[in-house]
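Worksheet: the structure to be examined is printed underneath.
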Amino acid sequence: MAERVVTMAIGPLVSMLKDKASSYLLDQYKVMEGMEEQHKILKRKLPAILDVITDVEEQAMAQREGAKAWLQELRTVAYVANEVFDEFKYEALRREAKKNGHYIKLGFDVIKLFPTHNRVAFRYKMGRKLCLILQAVEVLIAEMQVFGFKYQPQPPVSKEWRHTDYVSIDPQEIASRSRHEDKKNIIGILVDEASNADLTVVPVVAMGGLGKTTLAQLIYNDPEIQKHFQLLLWVCVSDTFDVNSLAKSIVEASPNKNVDTDKPPLDRLQKLVSGQRYLLVLDDVWDNKELRKWERLKVCLQHGGMGSAVLTTTRDKRVSEIMGADRAAYNLNALEDHFIKEIIEARAFSSKKEKPIELVEVVDEIVKRCCGSPLAATALGSVLCTKTSVKEWKAVSSGTSVCTDETGILPILKLSYNDLPAHMKQCFAFCAVFPKDYKINVEKLIQLWIANGFILEYKEDSPETFGKHIFDELVSRSFFLDLEESKDYSGYYSSTCKIHDLMHDIAMSVMEKECVVATMEPSEIEWLPDTARHLFLSCEEAERILNDSMQERSPAIQTLLCNSDVFSPLQHLSKYNTLHALKLCLGTESFLLKPKYLHHLRYLDLSESSIKALPEDISILYNLQVLDLSYCNYLDRLPRQMKYMTSLCHLYTHGCRNLKSMPPGLENLTKLQTLTVFVAGVPGPDCADVGELHGLNIGGRLELCQVENVEKAEAEVANLGGQLELQHLNLGDQLELRQVENVKKAEAKVANLGNKKDLRELTLRWTEVGDSKVLDKFEPHGGLQVLKIYKYGGKCMGMLQNMVEIHLSGCERLQVLFSCGTSFTFPKLKVLTLEHLLDFERWWEINEAQEEQIIFPLLEKLFIRHCGKLIALPEAPLLGEPSRGGNRLVCTPFSLLENLFIWYCGKLVPLREAPLVHESCSGGYRLVQSAFPALKVLALEDLGSFQKWDAAVEGEPILFPQLETLSVQKCPKLVDLPEAPKLSVLVIEDGKQEVFHFVDRYLSSLTNLTLRLEHRETTSEAECTSIVPVDSKEKWNQKSPLTVLELGCCNSFFGPGALEPWDYFVHLEKLEIDRCDVLVHWPENVFQSLVSLRTLLIRNCKNLTGYAQAPLEPLASERSQHPRGLESLCLRNCPSLVEMFNVPASLKKMTIGGCIKLESIFGKQQGMAELVQVSSSSEAIMPATVSELPSTPMNHFCPCLEDLCLSACGSLPAVLNLPPSLKTLEMDRCSSIQVLSCQLGGLQKPEATTSRSRSPIMPQPLAAATAPAAREHLLPPHLEYLTILNCAGMLGGTLRLPAPLKTLHIYGNSGLTSLECLSGEHPPSLEILDLERCSTLASLPNEPQVYISLWALEITGCPAIKKLPRCLQQQLGTIDHKYLDARYEVTEFKPLKPKTWKEIPRLVRERRQACRS
């Protein structure tokens, strides 16, 4: 059978036009005066088209060309007609605003804003447009009759929404079972490569929809993988394999996404992975058929630690062959039929209690058509879910093409799309405007649907509610996936989703050229077709690209979403007059748009912009429904005439920290549903009072700020939103009120905020603590879940018992949490934060009997900080009298508590004062071992009085059965640790030395251990005992899972009487040793045991000399190199250190600082020459040649070293031999180093050459030898970053710059005379050049290539540089960041701006003279 195609549903577009043509506003304001007849004809003919639209769309899907062409023309006409009726509607709204006095407020600018406000001119212009539309409609109706399109009733839009759980069986659970063997095999490959120094690449190949991404997710989230790799990264590649964009995406997927943002993406990527064992998942790679692209990326990725791996998923075998050249691809097989059947049934019967046997029998036939694809099974199951009869099921089966290698599963996905109702087709197809794998904000998506008219208004539901139903239905049909809810740093919640890339392909095929996505600068000139209506841009210089394109073309753009910063104005603004939705992030203080061209705008997102204010004329956007100003940090005011924007439904102002007040007249915005922050300013004519919120039915989140400026605030804020005054505004979502102190009569307003039934979250913020009783009578309704209060000055609060989250911060006068007469239980509370409550000392006002009430039965997180008067946590309620054994029956108040943080509570003595603990069980009580049976994270810090873990029975420690993380910092009286069999992370800071002896109880479970104990000058031999007692060792039958160990003042590990526990730590990857006074010699036996060690950090060990404890062997180089897999070494502030241990060949990064006696950085070697003592005097005697200078041993010991940082090491040799592999070199205050040298072979001494001939320097008289020009420093050939700071001992001469060099910093060097490029090699392309206080430096490279990429330049305090090279002068105007001495600035070329043409010859002469100078 012929394959059916997918087409855009035109019916909703025509229905939208029909509704607009019938709007009551058109008649009320007589905007169609003189056009009444044409209006009537059009309203009659539109239903005739709708009568046959279903038949036409079915014929178009069956690939009848005539029907497809007719539909295409109808779509064009409908778009134009909708635009015309938008103009009619705007004119009606304009006349309404004029009637209400808006023109008077706008003043004389009104003529500029409404150039066609003349009614006669408007009637003439619009009459012509309406006649053209009517003619086009009549032609379509005539053709309709010729084609013989038949009447088919349109299916009504259902108002009865299915209530489904989406799936009755978790698809991840099915995937986990079905792909268990595949997951096990690939994890085995990844883990087995742990000792492989080369990058491991594992390509997974299969056709689309077979579950490659799902399998990769299962691997990525597997505990073994999470534990094995230090860094995990996930990036979806999809359409374009652009190396720089991909490198940027990888970095931004890491925790270090905000580090070094000014550097090139590949450099940032290299730094990110350097030395770390990482797993990078590159999902959906199918445009990487060029080996050079992959090799460029791979060069950076190879800087990772041993065992690093890249897991790729792709549909293309050629891609897998290129990326995994040294490994066969992992071919993913089709899913077995019984799993496919399970998926289909889970979807098809998700809303049915029983599975009809006659329908189940049809499933086997449908399974065969899926060809093992879980996505196809999910799509078909979702289609079947809406069918109830055997006939319908068989129709789906027979109408579905079998998946083939050529078509994949697209036929099934097309069937799933075609089965959607028309209004849902339109909504889903719009999602083609987003890039593949884009996280779509659900709330914003629904608002964009509404802005584009895809969701019509119904009396029963708001458009937002109707849109949410559509979204939920599309989720249930598997069109959207990966639903997530997250909270940003200001506490604002949002939901996101994604679209499977194959579903995205369906949407793109429907929209054809109506949706355009540009994630990088388009290479084609005609990338923006005239048919484009929805545009997404996330590339650099988006405004330039738009300006160039709009100059040549005039597409009727309805949606413009720009995800990159815009710094310059958009041009050709009149061409944007069809916009319905606009997202821009403005990088300027001023608003770059003109509202007079945006009359039809419904959605405006300016979030995270730098604007300080919006123009007053933005108030003429009478259609605007959504205005997002969130996180506009510099915004200090809103337009005063905002009250005329009567269509506004959602106003986002959270994160606008400089906003001073709200504009007056907000009560006029009767459609407002969302207002996230209300800032109460000082009362005045241009400032709204909180009383204006009386007409708002506030929902979601509300924050009220600056409450302290309120005059008589208690009553008015208490009654805010009283039920009698809520008939006007239905305000929803989240709302924040600031500067509540400015509210008049605030008591009633604030207290009755709790009566707003749709309010989910309320934040009240005072700017300073003062006397207040605003919240004494605060009684929120049951729907309010989250309450946040900052700097309230009252001593107590009202009824807070129904809260789910309570956050109290800076309420310095609050004394009790529970008032007199209130209940002592919080039955719903899950999160409680108490911070900076300086007077808080008791949980309730009076010590009444609590009977059998549990205070916090559902509490999961408790955070207490800076509550200096608090002495204990709440006591448990008494449930019975003492039993025969003398113990009382109580019930724990923290049975569900998982996270407990207590910081800076100096008077808290025990963790809790609790006798024997019982728990309710079947009406009675049973003994339990813990007051905290569910606790997983416990953090205690700066508790000066805390000294014991209270016992259930005297002498018996409290047991934390589920505790995974324990952090104890600055608790000086604590001398023991509790039992916790599942503890994996233990952090002790400033702890007693005695605590050390309790650590052994956790060794079988710990993965991370930090022990920083109090410092003691002397350590007795008795204290220097092993962390593992002898009796434990005898029982020890497994290795410790410990991977990270950080030790401070832990002499017991290394003292003379210490036993050796290191054999147990075979999995240890990072070791840090700090302030270990007994560490004198290199602990080579320790290094030998740590076979997995990758990172070693030793600092502040004042007695460490480094000499081996045993006598040196004949050749130190013959000593074994341990630890063999070490990749990163850091030594800081070890003033006695003289000799390094023999570092292994695997080392990639070395940092040494404050080791003033260190003589060698690569290990002491036989035949080492004596150091030359270099005087600071200018008359010091220098060696005649560089070869006479003492040097470090050669560097074949560190063939992989890429990063070397040396600081304050004044005893290093005069010649510093550098490994050829080095890419980063930093030197600071290394006064003994005179010459930098790099030899690519052997151990021969380096030879200095002249700066011109590069021939060896012959012995010469002393006077000549001391001339600076006779010296030359040889840098490693791969060096990219070089920093030399305050190395005054360096000999003069030439510093030749290798080709890869990108960054050069030289500060305080008095010897160098010139910087030059290496002769015979490509010159470097510097990006950063920083020269400061280089007194002898006189010459810079005169190669244009050196400066062409420069974006940061500083040359100061270099008197010998008389002028800049000409090629550098020519680049000054293009350098973003530069700081030059005044004498260099005059040579900068600035753009010519002649006032007249006669001045041009003179300006040309001046420029030529400047060039000669």
Side-chain angles (χ1 to χ4, degrees), residues 230-231 255-256 271-277 304-306 985-990 1006-1013 1015 1027 1040 1042-1054 1061-1062 1065 1067-1106 1121-1144 1146-1156 1158 1161-1163 1198 1200-1209 1224 1226 1228:
Q230 299 167 314
L231 178 66
N256 298 332
K271 183 176 180 180
L272 171 68
V273 302
S274 182
Q276 295 206 70
R277 181 194 292 161
M306 293 180 67
V985 177
L986 174 61
V987 177
I988 305 292
E989 297 273 2
D990 293 329
L1006 278 182
T1007 59
N1008 290 58
L1009 172 60
T1010 299
L1011 277 178
R1012 294 192 175 94
L1013 306 180
H1015 184 258
I1027 190 175
S1040 168
L1042 201 66
T1043 59
V1044 177
L1045 177 59
E1046 299 178 7
L1047 303 174
C1049 301
C1050 292
N1051 293 334
S1052 302
F1053 272 88
F1054 302 98
W1062 300 101
F1065 302 135
H1067 298 294
L1068 193 67
E1069 297 178 358
K1070 179 183 178 182
L1071 173 62
E1072 178 179 330
I1073 304 172
D1074 184 18
R1075 301 182 72 184
C1076 183
D1077 295 343
V1078 299
L1079 186 63
V1080 177
H1081 308 286
W1082 289 119
E1084 294 188 345
N1085 53 342
V1086 173
F1087 293 163
Q1088 242 175 341
S1089 303
L1090 303 180
V1091 294
S1092 299
L1093 196 65
R1094 299 292 178 264
T1095 301
L1096 175 62
L1097 171 62
I1098 301 177
R1099 62 187 179 190
N1100 303 314
C1101 295
K1102 62 182 182 180
N1103 297 321
L1104 177 64
T1105 63
Q1121 298 175 349
H1122 291 293
R1124 289 193 176 278
L1126 192 67
E1127 296 174 352
S1128 177
L1129 172 64
C1130 180
L1131 303 173
R1132 291 192 183 277
N1133 300 323
C1134 299
S1136 302
L1137 184 64
V1138 175
E1139 181 195 21
M1140 285 283 295
F1141 63 92
N1142 278 353
V1143 295
S1146 58
L1147 197 68
K1148 292 186 176 182
K1149 182 177 181 178
M1150 181 188 293
T1151 301
I1152 305 177
C1155 301
I1156 56 177
L1158 184 63
I1161 62 173
F1162 296 111
C1198 293
C1200 300
L1201 192 66
E1202 297 178 352
D1203 197 331
L1204 175 61
C1205 178
L1206 304 173
S1207 64
C1209 297
T1224 298
E1226 298 179 21
D1228 181 13

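Position 1 is the first residue of the sequence; numbering continues from there. Predicted model only: the values in this text are computed from it and were never measured.
Contact of the Cys1050 side chain with the Leu1013 side chain is registered, since non-hydrogen atoms from C-beta on lie closer than 4.5 Å. The side-chain heavy atoms of Leu1047 and Cys1076, taken from C-beta on, include no pair separated by under 4.5 Å. Side-chain atoms of Asp1203 and Ser274, non-hydrogen and from C-beta on, never get closer than 4.5 Å to each other. Looking at Leu1096 and Phe1087, their side chains come closer than 4.5 Å, going by heavy atoms from C-beta outward. Side-chain contact between Pro1123 and Val1091 is absent, with no heavy-atom pair separated by less than 4.5 Å.
Once rounded to the nearest 0.5 Å, the distance linking CD1 of Ile1073 with CD1 of Ile1098 reads 4.5 Å. With rounding to the nearest 0.5 Å, the separation of OG in Ser1207 from CZ in Arg1132 is 5.5 Å. Between atom CD of residue Glu1072 and atom CG of residue Leu1045 there is a gap of 9.0 Å, rounded to the nearest 0.5 Å. Atom SG of Cys1049 is separated from atom CG of Asp990 by 8.5 Å, given to the nearest 0.5 angstrom. The CE atom of Met306 sits 11.5 Å away from the CD atom of Glu1069 when rounded to the nearest 0.5 Å. Taken to the nearest 0.5 Å, the CD atom of Glu1046 stands 10.0 Å off from the CG atom of Leu1011.
Here the shortest heavy-atom pairing between Ser1040 and His1067 reads O-CD2, 3.2 Å. Minimum heavy-atom separation, Pro1135 to Cys1101: CD-O, 4.4 Å. Of all non-hydrogen atoms in Thr1010 and Glu989, the two that sit nearest each other are CG2-OE2, 4.1 Å. The nearest pair of heavy atoms linking Pro1144 to Arg1124 is CB-O, 3.6 Å. Nearest heavy atom pair, residue Asn1133 against residue Cys1155, reads N-SG, 4.5 Å.
Under a 3.5 Å cut-off, the side chain of Gln230 and the backbone N or O of Arg277 do form a donor-acceptor pair. Put simply, the side chain of Ser1136 never gets that close to the backbone of Thr1105: no donor and acceptor are under 3.5 Å apart. Checking side-chain atoms of Thr1007 against main-chain N and O of Thr1043 turns up no donor-acceptor pair under 3.5 Å. A donor-acceptor contact shorter than 3.5 Å is absent between the side chain of Asp1077 and the backbone of Asn1103. Checking side-chain atoms of Ser1146 against main-chain N and O of Glu1127 turns up no donor-acceptor pair under 3.5 Å. With Asn1008 contributing its side chain and Val1044 its backbone, the two residues share no donor-acceptor pair below 3.5 Å.
Using cut-offs of 30° and 60° for the angle between ring planes, the Trp1082 and Phe1141 rings count as perpendicular.
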TODO: Take Leu1131 and Met1140 through the side chain to side chain contact (heavy atoms under 4.5 Å, CB included) test and state the conclusion after the steps.
DONE: CA-CA 10 Å; Leu1131 303 173; Met1140 285 283 295; 3.3 Å; yes

Open item on the list: Quick one, Leu1204 with Ile1161, criterion side chain to side chain contact (heavy atoms under 4.5 Å, CB included). Give me CA distance, side-chain angles, the key distance, then yes/no.
Closed with: CA-CA 10 Å; Leu1204 175 61; Ile1161 62 173; 4.1 Å; yes

TODO: Verify side chain to side chain contact (heavy atoms under 4.5 Å, CB included) between Leu272 and Leu231, making sure each step is shown before the conclusion.
DONE: CA-CA 9 Å; Leu272 171 68; Leu231 178 66; 4.0 Å; yes

- [ ] Kindly determine whether Leu1126 and Val1143 satisfy side chain to side chain contact (heavy atoms under 4.5 Å, CB included), including the steps that lead there.
- [x] CA-CA 8 Å; Leu1126 192 67; Val1143 295; 5.8 Å; no

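Scored by the side chain to side chain contact (heavy atoms under 4.5 Å, CB included) test, Asp1074 finds Arg1099, Asn1100 as partners (sequence neighbours excluded).
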